[in-house]
Amino acid sequence: MEKLRMAFIGVGDMGSHHCIGFDLLPECKVNYICDMNQANVDRTLAELKNSKPVIVADYKELLHKEDIDAVVISVPNYLHREVAVAFLEAGKHVFLEKPVAHTLEDCNAIIEAAEANDRILQIGLVYRYSNVYRRMAEELERGRLGDVKLMWCKEFRDPFPPTEWFYDKNKSGGALVEKDCHHFDIFNWMIGSKPVRVFATGGQHVMKQGQPNLITNSYSHYPAKPIEDVSIVDHAWVTIEYENGSKANLGLCMYLKPRNLMGDGLEIGLIGENGGQMVAKNDKTIDIVGGQNFTRDHLDIDVTSDSIMGGHTGGQTQRIEFVKSVKEGKQPFASAYVGRDALLIALAAEKSIVEERYVYVNELMK
């Protein structure tokens, strides 16, 4: 089998991990890296084991290269449409970091380009490839809790990396778009219904517009930096109502310090129609309690085989399955439409905060 010849557009935190991960797959070859930040390039090159890519500073140099089959795009959200559409129209398969885009218009344009050119488009909704959440879905498929009636996500965490575009709502789409499209997708996946309406409340407690906010981040390689132009919320509560009557709620805090001191910064849970509940914590464990026979199970999930270098759970599995989708011509599990459904909730939540009302999802599609 011929190797999948790849290019990587952006090798910051996420792009670097993608490049290193795909380089480890024997069926892949990293032919090109495109990034204007030499430090990002150097850091990535130091970790590559099998490839010696050509480095370029402008992605347009790569659009018509014949030795590229697929590209991985990890650029700021507001550039997703420009870059993804260009490569799709050039006949390349695309792995695009989440969210699909920061607006619905851009999202739709990307999907249209993929379909018009019959290319694979996978979105970096990494939880769909995580051992933890796949096990959660398996338990539901076995009927352990019946239909899911209530879900929640508690994400209490430190800020985004200290890079300006994250904090500019016009470029990121907002905190709920950039970060919580992951969690809204889990709600959609486990509940198995379409969201109807969203109500959200949020604002700025600590990181405030016009103040010299010194941003520090525990997982990024970028140094602390003052950012004054902060137009995103640093906290929110979001409630989602589904067609089948199920409800979901997300709580977000972006100013927790230090990160996950109590070890429970992320919790995703659900309650089924039989009264049992299932709770995943910190992307590592699942507890299942109650239900018809009042059982109690604690599951310590394998969180190493689906990732690399201590990276995000599901990170390597999503890369393996992208290659498989390209080779077999099959739509990925984290398809563009899956990404669009999660984006719709995030956009509705951002709109609800601003307008202080319920936002019906179908409003966004008019």
Side-chain angles (χ1 to χ4, degrees), residues 1-9 14-15 17-19 21-31 66-74 80-81 83-101 107-138 140-141 181-182 184-194 305-308 311-344:
M1 181 181 295
E2 292 185 4
K3 288 181 179 288
L4 188 70
R5 301 166 299 178
M6 305 189 70
F8 293 79
I9 316 303
M14 291 305 303
H17 251 254
H18 285 317
C19 191
F22 278 108
D23 178 65
L24 292 173
L25 301 179
E27 59 266 56
C28 294
K29 183 181 179 184
V30 179
N31 278 357
E66 294 184 359
D67 57 346
I68 297 175
D69 303 307
V71 296
V72 176
I73 300 172
S74 307
H80 280 196
R81 177 179 181 174
V83 180
V85 168
F87 278 105
L88 289 165
E89 290 181 343
K92 315 302 183 186
H93 300 289
V94 169
F95 180 108
L96 178 63
E97 253 310 319
K98 60 79 193 166
V100 185
C107 173
N108 289 340
I110 294 168
I111 293 173
E112 288 168 8
E115 293 182 343
N117 294 280
D118 194 25
R119 297 294 88 184
I120 296 296
L121 172 60
Q122 181 170 317
I123 308 304
L125 289 167
V126 65
Y127 281 131
R128 288 216 163 220
Y129 301 90
S130 161
N131 290 341
V132 176
Y133 300 101
R134 286 187 167 185
R135 177 61 181 271
M136 181 177 273
E138 287 171 8
L140 293 175
E141 288 167 6
C181 59
H182 274 313
F184 298 143
D185 178 50
I186 292 179
F187 291 163
N188 291 343
W189 180 14
M190 302 297 164
I191 290 174
S193 181
K194 291 288 187 182
S305 67
D306 64 357
S307 60
I308 62 163
H312 206 295
T313 176
Q316 192 66 348
T317 300
Q318 70 177 339
R319 300 176 191 116
I320 293 169
E321 293 197 16
F322 174 70
V323 175
K324 185 177 181 181
S325 289
V326 170
K327 296 286 188 182
E328 298 180 358
K330 295 181 179 179
Q331 283 300 308
F333 190 38
S335 70
Y337 284 100
V338 162
R340 185 176 183 269
D341 287 344
L343 176 64
L344 282 168

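- A donor-acceptor contact shorter than 3.5 Å is absent between the side chain of Arg5 and the backbone of Cys28.
- Between Phe22 and Leu4, every side-chain heavy-atom pair lies at or beyond the 4.5 Å cut-off.
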Query raised in the report: Could you walk me through whether Val94 and Ile120 pass the side-chain contact (heavy atoms from CB on, under 4.5 Å) check?
Result: CA-CA 6 Å; Val94 169; Ile120 296 296; over 6 Å; no
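- Comment: Asp341 engages Lys194 in a salt bridge, judged by a side-chain N to carboxylate O separation of less than 4.0 angstrom.
- Val132 has its side chain out of reach of Met136: every pair of non-hydrogen atoms, C-beta onward, lies at least 4.5 Å apart.
- Residues Ala336 and Leu121 share a closest heavy-atom pair of CB-CD2, 3.6 Å.
- Contact annotation: the side chain of Tyr129 approaches that of Gln122 to within less than 4.5 Å [non-hydrogen atoms, C-beta and beyond].
- Atoms NE2 and CZ, from His93 and Arg119 in turn, are 4.0 Å apart once rounded to the nearest 0.5 Å.
- Listed for the Arg319 side chain is no donor-acceptor partner under 3.5 Å among the backbone atoms of Asp23.
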Requested in this report: Decide yes or no on side-chain contact (heavy atoms from CB on, under 4.5 Å) for Glu2 and Asp69, but give the supporting numbers first.
Outcome: CA-CA 11 Å; Glu2 292 185 4; Asp69 303 307; over 6 Å; no
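- The minimum heavy-atom distance linking Gly124 with Phe95 is given by the pair CA-CZ, 3.9 Å.
- Distance CD1/Ile186 to CD1/Ile191: 11.5 Å, rounded to 0.5 Å.
- Panel note: side chain Lys92, backbone Ile68; a donor-acceptor pair is recorded below 3.5 Å.
- The nearest pair of heavy atoms linking Val323 to Leu25 is CG2-CD1, 4.1 Å.
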Report task. Start with the C-alpha distance between Lys324 and Glu27, add both sets of side-chain angles, then the distance that settles side-chain contact (heavy atoms from CB on, under 4.5 Å), and finish with yes or no. Result -> CA-CA 10 Å; Lys324 185 177 181 181; Glu27 59 266 56; over 6 Å; no
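- With rounding to the nearest 0.5 Å, the separation of CD in Gln316 from CD in Glu321 is 11.5 Å.
- Across all their heavy atoms, Ser325 and Pro332 have their closest contact at OG-CA, 3.6 Å.
- None of Asn117, Ile9, Leu96 except one satisfies the side-chain contact (heavy atoms from CB on, under 4.5 Å) rule with Phe87; the exception is Ile9.
- No side-chain donor-acceptor contact under 3.5 Å links Glu89 to the backbone of Ala113.
- Taking CZ of Phe322 as the start and CD1 of Ile123 as the end, the distance is 10.0 Å to the nearest 0.5 Å.
- For the residue pair Ala342 and Asn188, the shortest heavy atom distance occurs at N-ND2, 3.8 Å.
- You'll find the side chain of Asn108 reaches within 4.5 Å of the side chain of Arg340, heavy atoms only.
- When all heavy atoms of Leu343 and Ala101 are compared, the pair lying nearest together is CD1-O, 3.4 Å.
- In this structure the side chain of His182 reaches within 4.5 angstrom of the side chain of Leu125, judged on heavy atoms.
- Atom-to-atom distance recorded for His80:NE2 and Ser74:OG is 7.5 Å, nearest 0.5 angstrom.
- Contact annotation: the side chain of Arg135 approaches that of Glu138 to within less than 4.5 Å [non-hydrogen atoms, C-beta and beyond].
- Within the structure, side-chain hydrogen bond (donor to acceptor under 3.5 Å, both in side chains) pairs that include any residue of residues 330-339 comprise Glu115-Tyr337 (at least two apart or interchain).
- Partner of Val72 under the side-chain contact (heavy atoms from CB on, under 4.5 Å) criterion, chosen from Met14, His18, Glu97: His18.
- Using a 4.5 Å heavy-atom threshold, the side chains of Tyr127 and Lys98 count as separate.
- Rounded to the nearest 0.5 angstrom, His17 NE2 and His312 NE2 are separated by 11.0 Å.
- Taking the side chain as every heavy atom from C-beta outward, Asp306 and Ser130 approach each other to under 4.5 Å.
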